[in-house]
Amino acid sequence: MKKIGIVMGSDSDLPILRKTMDTLASLSIPYECHIYSAHRTPEEVRDFALNARKNGFGCIIAAAGMAAHLAGAIAANTTLPVIGIPCKSTCLDGVDALLSTVQMPSGIPVATVAINGGVNAALLSAQILAVEDAELAAKLDAKRKADAAKVLEKEAALQAELQ
Ligand code: RP5
């Protein structure tokens, strides 16, 4: 199976990426996780992206806050799918990072998930790998069924309480 590459702009983003790693681990998907910043370590970001395909990655998740250029900078140097997570930092509630990540110019796409959307980034990367992996697709189906069952249990508990 191809690996998922996870890159975050700062260790202050790590709590969000822990959810990404946990979700990938729950699906037995291999990943690597790195701290590289589009602004503070641009050379490392470029090298990672340029070599990602030959290094066995199938998809890259890039998380950053503030003027979040990390996902776009990675996407500029690879044709692997790139998923951007806008991270909420101290100002503007993460809307700064959301707009910086989602508003890519034509030709260089980034699939942007919700602000702090670490879980969905992992699930979307899994769905990308599952296009060519029936076993992984079956795991994703099973997870959705389990998630639905949990909601219906809560619904049943609520209805019992309200009677
Ligand atoms: C971004 O700036 C990082 O991704 C982080 O979300 C934000 C703040 O970084 P630190 O100042 O906490 O290192 O590049």
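Every number for a ligand or one of its atoms is a count from 1 in the order of the listing. Throughout, numbering of the chain's residues begins at 1 and tracks the sequence.
Side-chain N or O atoms of Asn116 include one that pairs as donor or acceptor with a backbone N or O of Lys88 at under 3.5 Å.
Separation of the Phe48 and Phe57 ring centroids falls under the 6.0 Å cut-off.
Listed by chain and number, Gly9, Ser10, Ser12, Asp13, Arg40, Ala64, Gly65, Met66 each place a non-hydrogen atom less than 4.0 angstrom from ligand 1.
Within a 6.0 Å sphere centred on CD of Gln127, heavy atoms belonging to other residues, nucleotides or ligands number more than 12.
Between Val95 and Ile115 the shortest heavy-atom distance is N-CD1, 4.1 Å. For Leu27 against Ala126, the heavy-atom pair with the smallest separation is CD1-CB, 3.9 Å.
The shortest distance between side-chain heavy atoms of Ser26 and Lys143 does not fall below 4.5 Å.
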